[in-house]
Amino acid sequence: ASVPQTALLITIAAIAMCFGSPILATLTSDLDRRTVLAGSLALYAIGHALCAFAPNLTVLIVVRTVTMLGAAVFTPQAAATLGLVIAPERRAAAITAVFLGWSVASVAGSPAAAWLGAHVGWRWTFAAFAMLCLIGIIWIYRVVPRGLRGVPLSREAWFRVIRHPALIAILLVTAVSASGQFTTFAYIAPFVANTLSASPNTLSLALILFGGAGVVGNLWATRRISATGATSNVNLSLTSMSLGMVTLAAIGSWWAGFIVGAIAWGAGVFANNSSQQARLVMASPQLAGASIALNTSMIYLGQAIGTSVGGAVIASSGYRWLPLVGATVLLGALALSHRAARKSTTA
């Protein structure tokens, strides 16, 4: 697929997940957690298998959009499920640990997808991820206790989140920070090709570097959050990402500069996402089911916005300016994070 086609695929799927996450969270809120988590992965597996046989781009977009609804359910519900089995004083660290798994998956998944796509084609890549989902389903049935049920999400719960100044301020940080990240990350393959080398191996190495930094950053966030709090983690991660993107814009065409920039950017990404989740839970534990689902919506809304902004930048100025635009947006998210901290104090 071309770069515009890939951007379209990302944007449509992100919009579907933005709206799908709160709707599906409501519909599944009182179901057995093991059933919800396994079912969402089953949808993901079946969808990826169908994507492998898509006859054209239109069918691929439709099938993948439906498939991504599985991820819209799984990520927030995995975090919310921890609240049912973990003591309150350990919840923040446990939620960041969920995203440690996400960052580890990125280390393995993104480079693997890039390598497989280049060497065996995108159809076999989709098929491979469908098989991995089946392993995940088996694992869920082994480790998640039967009979765990969430608190039903009523219309009143959603209105309470919307009327909660601190939660809305935190959710806005998520949307803006995701926009800044995806201004560049949605186009990471052509960006690396234009900056360093068009070799698939170069892209795989770049993604491994990025993901490895994400694992380290998330480990740091998990260990640090109990002592300094989620807000401090968020602010440091946004600063790290901004500095990393500025470095990529300035000296990313040199391997040394690219390595420094990718490490700083990657170290902040997963730490930011996990700490934002913990921040929401700590701001209002009783509304966590709804606020975490909305946080997932904000992530995917940010993906759609960032992908669109990045496409506009490429059309007008090329790939070089992508990280600088992303860094500017992330600095806006940092300012909003400080505002959210003041809202949380006065709420």
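Not measured: the values here are computed from a predicted model.
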Name each donor-acceptor pair under 3.5 Å that joins a side chain in residues 240-260 to protein atoms two or more places apart or in another chain, with its distance.
| unit_1 | atom_1 | unit_2 | atom_2 | d |
| --- | --- | --- | --- | --- |
| Ser240 | OG | Ala264 | O | 2.6 |
| Ser242 | OG | Leu238 | O | 2.9 |
| Thr247 | OG1 | Leu243 | O | 2.8 |

Distance-only donor-acceptor pairs under 3.5 Å for side chains of residues 327-337, two or more places apart:
| unit_1 | atom_1 | unit_2 | atom_2 | d |
| --- | --- | --- | --- | --- |
| Thr328 | OG1 | Leu324 | O | 2.9 |
| Ser337 | OG | Asn235 | OD1 | 2.5 |
| Ser337 | OG | Arg279 | NH1 | 3.1 |
| Ser337 | OG | Arg279 | NH2 | 3.4 |

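Here Arg163 pairs with Glu156 under the salt bridge (Lys or Arg N to Asp or Glu O under 4.0 Å) rule; sequence neighbours left out. The side-chain contact (heavy atoms from CB on, under 4.5 Å) test applied to Ala290 returns Leu153, Trp158, Val161, not counting sequence neighbours. Residues satisfying the side-chain contact (heavy atoms from CB on, under 4.5 Å) criterion with Leu50, sequence neighbours excluded, are Ile46, Val63. Taking Ser317 as the reference, nothing meets the side chain to side chain donor-acceptor pair (under 3.5 Å) condition, with sequence neighbours excluded. The side-chain contact (heavy atoms from CB on, under 4.5 Å) test applied to Val309 returns Thr183, Ile305, Val313, Val325, not counting sequence neighbours. Arg64 pairs by the side chain to side chain donor-acceptor pair (under 3.5 Å) definition with nothing, not counting sequence neighbours. Under the side chain to side chain donor-acceptor pair (under 3.5 Å) criterion, Ser284 pairs with Gln286, not counting sequence neighbours. Every residue two or more places apart in sequence or in another chain that forms a side-chain contact (heavy atoms from CB on, under 4.5 Å) with Leu134 is listed here: Ala45, Met131, Ile137.
Taken from CG in Leu236 to CZ in Arg224, the straight-line distance is 5.0 Å, to the nearest 0.5 Å. To the nearest 0.5 Å, atoms SG (Cys51) and CZ (Arg123) are separated by 10.0 Å.
Between the side chains of Arg146 and Thr35, no donor-acceptor pair is found at a separation under 3.5 Å.
Cluster note: Val62 groups with no other residue, as no ILVMFWY side-chain heavy atom lies under 4.5 Å from it. Other residues sharing the hydrophobic cluster of Ile138, ordered by chain and number and joined by side-chain separations under 4.5 Å: none, the residue standing alone.
Residues Phe210 and Phe185 bring their aromatic ring centres within 6.0 Å.
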- Kindly indicate, with the supporting measurements, whether the criterion side chain to side chain contact (heavy atoms under 4.5 Å, CB included) is fulfilled by Leu37 and Leu41. CA-CA 6 Å; Leu37 293 176; Leu41 271 190; over 6 Å; no
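Within the 4.5 Å cutoff, the side chain of Thr174 has heavy atoms near those of the Ile299 side chain.
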